[in-house]
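Report on the following structure.
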Amino acid sequence: MEWVEERSFRYRIEPSGGMRVPGIVFATRDLLTDAEQSLEQVIHVAALPGIVAASYAMPDIHWGYGFPIGGVAATDVDAGGVVSPGGVGFDISCGVRLLAADRDGDEFRPALTAVMDGLDRAIPRGAGPGGVWRPDGPGELERLLAGGSRYAVERGHGEERDLLRCEDGGAVADADVTQVGQRARERGLGQVGSLGSANHFLEVQQVTEVYDVPAATAFGIEPGQVCVMIHCGSRGLGHQICTDHVRVMDRAMTRYGITVPDRQLACTPVDSPEGRAYLGAMAAAANYGRANRQLLSDAARAVFRRAVGARLSLVYDVSHNLAKIETHPVAGRCRRLCVHRKGATRAFPPGHPELPEDIREFGQPVLIPGTLGTASYVLAGVPVGDAFHSTCHGAGRTMSRHQAARTVTGSELRVRLRQAGIAARPKSWRGLTEETPEAYKDVDAVVAASEGAGLCRKVARLVPLGVVKG
DNA sequence: ATGTTC
């Protein structure tokens, strides 16, 4: 495979074979160690009908279902461009929410154990059913799928102000609940307000560095402050929707004369019954993911209020697994594009009209969850940007789950976290071994490469005081 | 990511 360094932090794969556009990978050589398979996936994505500009990959690129995780691909809706469930991934609308406490870390420290014990009891997590809130029936689930965080707030699980700090005001408008299958609904009903497992978490963190004081101040964070970060998605509901619609598209592709280099790229035109059906169901899952994070915030707020009388204010909520119809210039002309971001975060520039007014001039907040025991970041969108205003989403795996679990035992991990002064409340220590930080890239390097590539800028760095995981 | 192999 031929890939050349165009400039620092930017590599290019020239089109060849079925590629319609080049591959552009933002990274360093170090971050691309053993990335052959995921770069092969960047090349596959470049063959999608209607793809424009390039098949992009972020510094946290790793191997995924069909598309790489850390991939961005935009297709021209009005030129037969396709939508592909694999370009969003199984965990539709997986994303991150950051809340800031009205407490400084030093002042908070003595209460950490009580807060963590409270969270341990209050936060449902791990595989399978269980959630903080059970809809009273199929009708209420439908209202939640249509209304997202907005519906959760209407039902008393949050503050009206929260919605101002959510991407899309807490709900995407184009959810089509009729495209959510029965099985997805059944799975979704029992998991509203739950973390799930794997790299999902709820952390109590402390701001250790602020790189951009005006932006941090506007976002509502300052040095030393205690925060809560929630990383989770749409659980079994999103997974089932992806499964169902991949199957439909896999069968329908030939009718549209579409061939793709890998069946896992199953797709149909955005403007087709199958494409519209997927996007409608995906939007419903997006709203489920947002309601999920809203309800977990509500549960965390109750713990903080009872244990220490602290308040939590929403900084921002943003997804990193989503396809969106957005307008961007392509070759000097404004085009309606279906932008797939899979393990990539939207990073709108300063002044973008969709950003909340009080933070608009600083660019969109981007929330980067670290791995177990490591730092997390708040970034912001920049004026020029690239890849349709996208940046990284996290550290990115380098080891399989199985491989990771062999490198460390649960009790070793327990000792390491205790020595680092991090209060961990896992569902199982054994399960935590799959998430050992050696199994991931260095999040500091990923963020440095993203900033170096001109995709975003650093606003703040946070470290964990306590972690709740599946 | 996932009732972790329909």
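Chain identifiers are assigned alphabetically (A, B, ...) following the order of the sequence lines, protein sequences preceding nucleic acid strands; residue numbering begins at 1 within each chain. Note that the structure is a prediction, hence the values are computed from the model and not measured.
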**Message:** Rounded to whole Å, how long is the line connecting atom CD of Q264(A) with atom P of dT2(B)?
**Reply:** 18 Å

**Request:** Give me the residues of residues 425-447 of chain A where at least one heavy atom lies under 4.0 Å from an atom of DNA chain B, by number, or none.
**Result:** none

**Message:** Is a donor from one side chain sitting under 3.5 angstrom from an acceptor on the other, for S194(A) and R235(A)?
**Reply:** yes

**Message:** I'd like to know if R397(A) and D60(A) make a salt bridge, using a cut-off of under 4.0 Å between side-chain N and carboxylate O.
**Reply:** no

**Item:** Residues R97(A) and E167(A) bridged, charged N to O under 4.0 Å
**Value:** no

**Request:** Name the nucleic acid region contacted by G236(A), choosing base, sugar-phosphate or nothing; use a 4.0 angstrom heavy-atom cut-off, strictly under.
**Result:** sugar-phosphate

**Prompt:** So does R401(A) pair up with E435(A), basic N to acidic O under 4.0 Å?
**Reply:** yes

**Message:** Rounding to an integer number of Å, can you tell me how far R125(A) CZ sits from dT2(B) P?
**Reply:** 14 Å

**L195(A) CG - dT2(B) C1' separation (whole Å)** = 15 Å

**Asked** For dT2(B), does either OP1 or OP2 sit under 4.0 Å from a side-chain N or O belonging to S197(A)?
**Response** yes

**Message:** What is the distance, to the nearest angstrom, from the CZ atom on F90(A) to the P atom on dT5(B)?
**Reply:** 12 Å

**Prompt:** Rounded to whole angstrom units, what separation is found between the CZ atom of R401(A) and the P atom of dT2(B)?
**Reply:** 9 Å

**Prompt:** Atom CD of Q191(A) and atom P of dT2(B): how far apart are they, to the nearest Å?
**Reply:** 8 Å

**Asked** Separation of H402(A) atom NE2 from dT4(B) atom P, in whole Å?
**Response** 17 Å

**Asked** Do the numbers put R29(A) on top of the ring of W3(A), so that NZ or CZ is under 6.0 Å from the six-membered ring centre and no more than 45° off the axis?
**Response** yes

**Message:** Taking any heavy-atom pair under 4.0 Å as a contact, classify R183(A): base, sugar-phosphate, or nothing.
**Reply:** base

**Asked** Reckon R235(A) has a side-chain N or O less than 4.0 Å from the OP1 or OP2 of dT2(B)?
**Response** yes

**Message:** Applying salt bridge (charged side-chain N to carboxylate O under 4.0 Å, His left out), can you list everything that pairs with R276(A), at least two apart in sequence or on another chain?
**Reply:** D271(A)

**Item:** Set of side-chain hydrogen bond (donor to acceptor under 3.5 Å, both in side chains) partners for S197(A), sequence neighbours left out
**Value:** none

**Prompt:** For Q403(A) and dT4(B), what is the distance between atoms CD and P respectively, to the nearest whole Å?
**Reply:** 22 Å

